[in-house]
Amino acid sequence: MKKILINFAHPAKSHSNINKALRKVVEELDNVTVNDLYANYPDFMIDIKREQALCEAHDIIIFQHPLYWYSTPAIMKEWLDLVLEHGWAYGSEGKALQDKLFFQAISTGGDASTYQKDGYNEFTLAELTSPYQATAKLCNMTWLPPFVVSGVHSGLPKEKVQSHAEAFRRTIIALRDALFDIELAKQQEYLNSDVNRVIRSV
Ligand SMILES: Cc1cc2nc3c(=O)[nH]c(=O)nc-3n(C[C@H](O)[C@H](O)[C@H](O)COP(=O)(O)O)c2cc1C
C-alpha cells in the first residue's frame, strides 16, 4: 500500500461545502494522512522539520484547496517557500521528494467552461497550475493533472457534491492500492475527467 499525504488548505473551513465533503470521505482511510495547514499553523509559523518528515514518510503528496485568485490559499505558498529547501527538495543533494507522486485537488467558483482559452477566465487550469507542475519537475516528482471540482459558485446540488466526493475517494483508494493507471491519467485534462478509465479493477 502507498502512503498518501493530503496537505489541506482552507482558511474558512466552517464555510466550506466541497472541500469539506471531499476531505470527509478520505480522512479515515488507512494510509491516508490529512495535514490541515491552517489548523496546524494559524500563525503561519510552519514547522519545517515536521513537514519534511511528513513528506518523507509518504509516497504521494496532494495539495487540496479552493482556487484563490487563480492560485492556492496563501499558506500553501508559505509552505512551498519554507519546506522545499535546497539540498532537501532540489539541488544535487536534494532527493527527498524524488519519484513521489504529486497533484492538486482544486475547487473553483467558476464553471469549467470559463477555464478555457475562449472562456471568461481565458486561461486553462493546466496553465494556471503550471508553477506547481514546474515545482514538481524541479523536485524530480511525478506530476499528475489536478483533480478538479468546478462551478461551485452556481451552487452544486447535493448529488453532484456526493458524486465528486465518491470520485475523490475512489481515486485516493486506487492510488493507494496501486490500481491507478498513472500514464493514462497524465493524458487527461483533469485527474477526474474519466475516473473509470484510469482506475483498474482487481
Ligand atoms: C479569496 C478568494 C479568492 C477566490 N478566487 C477564485 C478564483 O480565482 N477563481 C475561482 O474560480 N474561484 C475563486 N474563488 C471561489 C472559491 O474557489 C470557491 O468559493 C471554493 O472553491 C468553494 O469551495 P468550498 O465549498 O470548499 O469553500 C475565490 C474565493 C475566495 C474567498
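Both backbone and side-chain heavy atoms feed into the values below; hydrogens, waters and symmetry mates do not. Treat the numbers as computed from the prediction; the structure is a model and nothing was measured. Remember, it's 1-based here, ligands and their atoms both numbered in the order they're listed.
Residues Lys13 and Asp36 are paired through a salt bridge, judged by an N-O separation under 4.0 Å between the basic side chain and the carboxylate.
Looking at Val152 against ligand 1, only its side chain comes within 4.0 Å, counting heavy atoms.
Ligand 1 has no N or O atom lying under 3.5 Å from any N or O atom of His15, backbone or side chain. Polar contact check, Ile18 against ligand 1: a nitrogen or oxygen pair lies under 3.5 Å apart. Among the atoms of Ser16, some N or O lies under 3.5 angstrom from an N or O of ligand 1. Of the N or O atoms in Gly109, one or more lie within a sub-3.5 Å distance of an N or O in ligand 1.
The His153 neighbourhood of ligand 1 comprises atoms 15 (C), with distances under 4.0 Å to a heavy atom of that residue. Residue Asn17 has at least one heavy-atom neighbour below 4.0 Å for each of these atoms of ligand 1: 24 (P), 25 (O), 26 (O). Counting the atoms of ligand 1 from 1 in the order shown, those under 4.0 Å from a heavy atom of His10 are 24 (P), 26 (O), 27 (O). Shown in contact with Tyr115 at under 4.0 Å from a heavy atom are these atoms of ligand 1, numbered in order with element: 9 (N), 10 (C), 11 (O).
Results of the side-chain contact (heavy atoms from CB on, under 4.5 Å) test with Val26 over Ile172, Ile62, Ile173 single out Ile172 as the only residue that passes.
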- Task: Start with the C-alpha gap between Lys77 and Asp81, add the side-chain angles, then the distance that decides, and say whether side-chain contact (heavy atoms from CB on, under 4.5 Å) holds.
- Result: CA-CA 6 Å; Lys77 180 62 167 59; Asp81 292 352; 2.9 Å; yes
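When the heavy atoms of Ala74, Ser71, Pro73, Ser107 are ranked by distance to atom 23 (O) of ligand 1, first place goes to Ser107.
No hydrogens or angles considered: nothing links the side chains of Ser113 and Tyr120 as a donor-acceptor pair under 3.5 Å. Donor-acceptor pairing under 3.5 Å is recorded for the side chains of Arg50 and Asn35. Looking at Glu122 and Gln116, their side chains never bring a donor and an acceptor atom within 3.5 Å of each other. A donor atom on one side chain and an acceptor atom on the other are not found under 3.5 Å apart for Tyr115 and Glu189.
Summary of contacts: the protein heavy atom closest to atom 16 (C) of ligand 1 is Leu67 O, 3.6 Å.
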